[in-house]
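Owing to the predicted nature of the structure, the values given are computational and were not obtained by experimental measurement. Whatever order the structure lists ligands and atoms in, that order sets their numbers, starting from 1. We use all heavy atoms of the structure for the numbers below, so side chains are in, but hydrogens, waters and symmetry mates are not.
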Amino acid sequence: MDTLIIRIGQLLTMEGDGPVKGEQMKTIPLMEHAAIGIKDGLVVWIGSNEEAKKISANHIIDAEGKLVTPGLVDPHTHLVFAGSREHELPLKQQGVSYLDILKQGGGILSTVRATRAASEKELYEKARVHLDRMLSYGVTTVEAKSGYGLDVETELKQLRVAKRLHETHDVEVVSTFLGAHAIPTEHQDNPDSFLQQMVDLLDVIKQEQLAEFVDIFCETGVFTVEQSRIFLQKAKEKGFAVKIHADEIDPLGGTELAIEVGAVSADHLVGASETGIHQLARSNTVAVLLPGTSFYLGKGKYANARDMIDEGAAVALATDFNPGSSPTENLQFIMTLAALYLRMTPEEIWHAVTVNAAYAVNRGQESGRIMVGRKADIVIWDAPNYMYIPYHYGINHVRMVLKNGKVVRGRGEGDGSVS
Ligand SMILES: N=CN[C@@H](CCC(=O)O)C(=O)O
Ligand SMILES: [Zn+2]
């Protein structure tokens, strides 16, 4: 054995098969007084701490009776961008809405200007810092969207940065092309020709393997349901899996569209209709909820997670890390928001940041569960049990992170870790 993790107080294996839907999210697969054996980056043995005493290993990690879980998966982030938007905070306080700031050429469009002006190296260095911080909070797989270029050159620049991060960083980065994130100033009068330009980019993205997913912001003043339908169908024809920013602010019917086009995930869903929720529960589309965004937009309106779960949907949670509507890398804080404002139980929350989040980025067969034969993506927490993480909020509970069996964060190491 390369590594043995011993004296695990509570081990959330999340063992099972497929995404976890509805009622099933209430039961959490766990073991007490457990140990894990790792070889060649994979989990090769799971058993009791007693049995582990008979096994020898090159490296022993003592969990000292604490909680151990799969590495967290953050399935919705806007990781690569330049600049920041703290100047929007006073506008928000004065009651200027998110969509009004965008209409005035601010918001996403202000990040677009900064991102166009930045070099690939600058974007890489900045995103690496954000990714380091996500890792320090226990995230071992992250989805990263483009969408702050909105022109051929800058979209490709962002996607190349995401690819390089995936190749060089300990965190696995799953890339999404979000060229349809807003209508750039120079195309304000002709969104369809802009969308066609983004469609024309899909072949290059495919050839260079720059993204697995294609996404669109379906919202009032951005792209309509009809434009989104056509765009996503074209992406599917080119062999991409699709996602949608659906019903974030206004209830346009993006949730229903996600089901119609077979999206892997439908994200936000704050304004999802009853019909949309009903369809979602009967589909294979994962609902990715982003309570950090609702919190930060400050309108007091959150996605209806209860109905989604009670009707049978698979729900995941993400930070939506971005410079405007959710500037945080802290998925642990999102777990607290989910408990308080989405009224999700701790058991549902853990499914939502592990196995279901992995399915939301087509990594369900590899990540999100601790099982023999799977990658050893593991977090050791400074917490006595799984309920403790959403409860004690605003701080980082991570003690150690293993990615592919290697210790990549430990006590006192890196930004945000505990000492
Ligand atoms: N709503 C669209 N996109 C992001 C926000 C991006 C931004 O404001 O820069 C979101 O998911 O919330
Ligand atoms: Zn987003």
Side-chain angles (χ1 to χ4, degrees), residues 74-89 91-92 96-116 118 123 126-127 130 142-150 154-155 158 162 174-184 211 213-223 228 242-252 254 258 263-271 286-299 301-303 316-329 331 334 337 357 360-361:
D74 191 342
H76 183 137
T77 85
H78 301 253
L79 176 66
V80 183
F81 59 87
S84 56
R85 307 231 293 270
E86 59 275 26
H87 54 274
E88 285 175 13
L89 203 48
L91 289 176
K92 265 174 56 170
V96 187
S97 80
Y98 177 81
L99 289 179
D100 279 340
I101 295 174
L102 178 62
K103 222 194 277 169
Q104 290 161 19
I108 295 172
L109 293 176
S110 99
T111 302
V112 167
R113 288 189 288 277
T115 306
R116 285 180 179 178
L123 288 177
K126 179 168 161 60
H130 296 305
V142 66
E143 185 257 14
K145 301 175 194 298
S146 68
Y148 291 119
L150 311 183
T154 320
E155 285 296 318
Q158 274 191 280
V174 180
S175 182
T176 296
F177 173 55
L178 179 60
H181 193 194
I183 308 163
F213 287 93
V214 169
D215 192 349
I216 188 163
F217 187 16
C218 178
E219 186 58 70
T220 307
V222 192
F223 299 107
S228 304
V242 300
K243 291 174 166 285
I244 312 185
H245 279 67
D247 299 325
E248 174 180 354
I249 297 164
D250 291 335
L252 298 188
V264 172
S265 74
D267 301 39
H268 285 290
L269 310 182
V270 177
V286 179
V288 175
L289 307 185
L290 311 164
T293 312
S294 301
F295 170 78
Y296 204 74
L297 290 178
K299 299 207 302 194
K301 198 163 182 290
Y302 286 80
L317 291 162
T319 57
D320 192 18
F321 172 66
N322 74 72
S325 65
S326 189
T328 184
E329 297 92 340
L331 193 54
I334 303 304
L337 294 179
V361 291

- Task: For T77, check side chain to side chain donor-acceptor pair (under 3.5 Å) against everything at least two apart and list the hits.
- Result: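 None.
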
- Message: Please enumerate all residues that pass salt bridge (charged side-chain N to carboxylate O under 4.0 Å, His left out) together with E248, with sequence neighbours excluded.
- Response: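 E248: no salt bridge (charged side-chain N to carboxylate O under 4.0 Å, His left out) contacts found.
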
- Task: Compute the centroid of each ring, for H245 and then for F223, and state whether the two points are separated by less than 6.0 Å.
- Result: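 So the answer is no for these two rings.
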
- Item | For A318, side chain to side chain contact (heavy atoms under 4.5 Å, CB included) partners two or more places apart |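 A318 satisfies side chain to side chain contact (heavy atoms under 4.5 Å, CB included) with D74, P75, H76, V288, L290 only.
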
- Item | Metal site the Zn ion (ligand 2): N/O/S of H268 inside 2.8 Å |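 No, outside the cut-off.
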
- Task: Determine yes or no for a side-chain-to-main-chain donor-acceptor pair under 3.5 angstrom, with Q158 supplying the side chain and G149 the backbone.
- Result: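 Pair found, side chain donor or acceptor close to backbone of G149.
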
- Message: Tell me whether S326 contacts the main-chain N or O of F321 through its side chain, where contact means a donor paired with an acceptor under 3.5 Å.
- Response: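 Checked: no pair found.
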
- Query: Exactly which residues line ligand 1, taking a heavy atom under 4.0 Å from it as the test?
  - Reply: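 Shell around ligand 1 (4.0 Å, heavy atoms): H76, H78, R85, Y98, I108, Y148, H181, F217, H245, E248, H268, T293, D320, N322, G324, S325.
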
- Vertex the Zn ion (ligand 2), rays to NE2 in H245 and OD1 in D320 - rounded to 10°: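 The angle at the Zn ion (ligand 2) comes to 160°, rounded to the nearest 10°.
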
- Item | Gap between atom CG of L109 and atom OG1 of T115 - 0.5 Å precision |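 One finds 11.0 Å between OG1 of T115 and CG of L109.
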
